[in-house]
Amino acid sequence: MKTNFPVKAFAKLETPFYYYDVELLKKTLDTVRNEAAKHTGFHVHYAVKANFNPRLLDIIAATGLGADCVSGGEVAAALKAGVPASKIVFAGVGKTDKEIASSLDAGIFCFNVESVPEIEAINSLAAERGVVAQVAIRVNPNIGAHTHANITTGLAENKFGINYEQLDDVIDTIESKSNVKLTGLHFHIGSQILVMDDFIALCGRVNELQTMLNEKRGIVLPHINVGGGLGIRYDAPDKFNIPDFELYFATYAKHLKLYPGQQVHFELGRSIVAQCGSLITRATYIKKGTCKQFIIVDAGMNDLVRPALYSAYHRIENLSSCRADEVYDVVGPVCESSDVFCKDRKIPATLRGDIMAIRSAGAYGEAMAFGYNCRPIPQSILSSDIE
Ligand SMILES: *Cc1c(COP(=O)(O)O)cnc(C)c1O
């Protein structure tokens, strides 16, 4: 049983809902900011797609982080939360004219470009407005991060980024146009990465590429964006409630070879918001099958899709019970066999009505919720709402 949740207050609330520990979020943000500040030229952009809950975005924006966006909607959300346009970057393979136009009008810092036709579209929309858009090339470094296949993004076979062989042509294209200016290189190799070796491998690629660009074309770009991807400990959300940002930034500081004055940008999503969030749900029924027993909860895959989508592990705690453990599958009510949060898990003996917490759900949880089966999108409650 967990004591650090306001279980008495939860008992009065309708479930399911996302619960966010604001104090932990703020501590995490302070750690990120302080650890990044130990290294000159390091800047952190929060990856909005991990969680775009407006109240969390307000807190994140207030700490001075920039924003990494992957849609026009995210750019608008970041601006609304008070992130200055000069700290907003916009990535994604499919930026539409409308999204590019509104971002140009807002005056965002940089477009991370992923193809030649996209560069052409940005150039003509910028020309119409008489402005010069700053662009960074998203390079595909062909590195397979040690993580789930659906969340690696840096392999040649992925849709993301521009491959090495095409880089020269892409730079030529940018240089031939008067309304785009190349100001950086961008990389992002995947998500939920816990071994620093993957980031060290990325540094190696960045260094190679910088040397090549410098020697072949005399180019030194003002900023290098190494993306995000730092993972969190889903297995131990209390012990490792704040990721090791010190090691993460120190790894880059040690392995990246920078030219004088170069800035390094990071785009962290999951590592900032995952541990502060839990999906709170109630046991609707305990069902005994022939060889299994199920806890059927009132949250489903539509509220938190990661287990169904990536076979992701989340700790599940019964906040109402300190009874002896039994073995259960925890499942939702949605009419899909994949609506399963965990299988054969030891959980204290659970009764109908018990309140449960699905932990480490602050990233890619609420943000990915959907309305299948006419189920409402879950509400969110901040710890600061309760008392
Ligand atoms: C998703 C994404 C991120 C954030 O990834 P995390 O694993 O949540 O840190 C950063 N940059 C880009 C381009 C992304 O698409």
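As the structure lists them, so they are numbered: ligands from 1, and atoms in each ligand from 1. We number each residue from 1, following the sequence as shown.
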Enquirer: With no hydrogens and no angle check, do the side chains of Y18 and N53 hold a donor and an acceptor under 3.5 Å apart?
Expert: no

Enquirer: How are the rings of H265 and H45 set to each other: parallel, tilted or perpendicular (split at 30° and 60°)?
Expert: tilted

Enquirer: For H186, which of E267, H223, E114 qualifies under side chain to side chain donor-acceptor pair (under 3.5 Å)?
Expert: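 When side chain to side chain donor-acceptor pair (under 3.5 Å) is applied between H186 and each of E267, H223, E114, only E267 qualifies.
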
Enquirer: Tell me which residues fall inside the under-4.0 Å heavy-atom shell around ligand 1.
Expert: A47, K49, D68, R138, H186, H188, S191, G228, G229, E267, L268, G269, R270, Y364

Enquirer: Whether D235 and R315 form a salt bridge (side-chain N of Lys/Arg under 4.0 Å from carboxylate O of Asp/Glu) is what I want to check.
Expert: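 Looking at R315 and D235, the cut-off is not met.
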
Enquirer: Going by atom types alone, do N140 and Y164 pair a side-chain donor with an acceptor below 3.5 Å?
Expert: no

Enquirer: Answer with yes or no whether the side chains of T15 and R282 bring together a donor and an acceptor at under 3.5 Å.
Expert: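 Yes - a donor-acceptor pair under 3.5 Å links their side chains.
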
